[in-house]
Amino acid sequence: MNKRVNALSNFLQCLGIKKGDVVVMISDGLPEQPNSYDEILDYQKVEHCVRKNSKKDAESIKNALVDLSIEWANGVMNPDDITIVVLKRT
């Protein structure tokens, strides 16, 4: 096993993250993404998206969050940056 992968696996184990658990870290740019009605996406919609896609791999969960942001914005430029990190213990 790659040393970095092994170190990450050990770190997640120390945190009590079990096989199949998902850790999602986001910047506020995602839940505060505005749409054309000047409404923000909000944390509840982000959480719903993560839960809905939680059985998928980390890349697919990240892609679902990116798709959610694009669909919500519907062409409105986000004034903030978005950072998404998804870890899934396998």
Side-chain angles (χ1 to χ4, degrees):
M1 184 183 285
N2 178 311
K3 286 184 179 181
R4 289 182 182 167
V5 171
N6 194 32
L8 179 58
S9 181
N10 290 339
F11 175 71
L12 293 175
Q13 186 175 6
C14 288
L15 292 177
I17 307 300
K18 299 180 284 303
K19 185 176 180 176
D21 286 353
V22 177
V23 176
V24 177
M25 296 171 277
I26 57 169
S27 63
D28 63 352
L30 179 60
E32 295 177 4
Q33 167 73 51
N35 65 13
S36 58
Y37 300 105
D38 206 27
E39 302 166 327
I40 62 167
L41 180 59
D42 80 47
Y43 287 91
Q44 290 176 332
K45 289 180 186 74
V46 171
E47 180 183 1
H48 176 75
C49 182
V50 171
R51 289 183 184 278
K52 178 179 169 186
N53 292 281
S54 65
K55 301 296 182 199
K56 298 177 181 175
D57 61 49
E59 182 78 11
S60 296
I61 295 168
K62 186 263 307 172
N63 289 340
L65 290 168
V66 170
D67 291 345
L68 174 66
S69 175
I70 291 168
E71 290 169 15
W72 175 262
N74 194 27
V76 173
M77 184 64 139
N78 192 340
D80 200 356
D81 65 312
I82 295 176
T83 302
I84 302 171
V85 177
V86 180
L87 303 173
K88 183 161 186 175
R89 182 114 191 251
T90 57

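Residues: numbered from 1 along the sequence shown.
Applying the salt bridge (Lys or Arg N to Asp or Glu O under 4.0 Å) definition to pairs two or more places apart or across chains, none involves residues 80-89.
Tracing side-chain contacts under 4.5 Å through hydrophobic residues (I, L, V, M, F, W, Y), one never reaches Ile40 starting from Val76; they form parts of separate clusters. No continuous path of ILVMFWY side-chain contacts below 4.5 Å connects Val46 to Leu87, so the two sit in separate hydrophobic clusters.
Between the CG atom of Asn10 and the CG atom of Leu15 there is a distance of 11.0 Å, given to the nearest 0.5 Å. Lys45 contributes atom NZ, which lies 7.5 Å from atom CD of Glu39 (distance to the nearest 0.5 angstrom). Remark: Asn6 CG to Gln13 CD distance equals 9.5 Å, nearest 0.5 Å. Atom CD1 of Ile70 sits about 9.5 Å away from atom CD of Gln33, to the nearest 0.5 Å. For the atom pair Asp42 CG and Glu47 CD, the distance stands at 10.0 Å (nearest 0.5 Å).
In Gln44, the CD atom is not crowded: 12 or fewer heavy atoms of neighbouring residues, nucleotides or ligands sit closer than 6.0 Å.
Between Tyr43 and Ile26 the shortest heavy-atom distance is CE2-CD1, 4.3 Å. Closest approach of Val66 to Ile84, counting heavy atoms only: CG2-CD1, 4.0 Å. Nearest approach of Cys49 to Asn53, heavy atoms of both residues: O-ND2, 2.8 Å. Nearest heavy atom pair, residue Ser69 against residue Ile82, reads OG-CD1, 3.6 Å.
Side chain of Asn78 to backbone of Gly29: a donor-acceptor contact under 3.5 angstrom is found.
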Give the table of side-chain donor-acceptor pairs shorter than 3.5 Å for residues 58-65, with sequence neighbours excluded, one pair per line with atom names and distance.
| from | atom 1 | to | atom 2 | distance (Å) |
| --- | --- | --- | --- | --- |
| Glu59 | OE2 | Lys62 | NZ | 3.3 |
| Ser60 | OG | Asp57 | OD1 | 3.0 |
| Asn63 | ND2 | Glu59 | O | 3.3 |

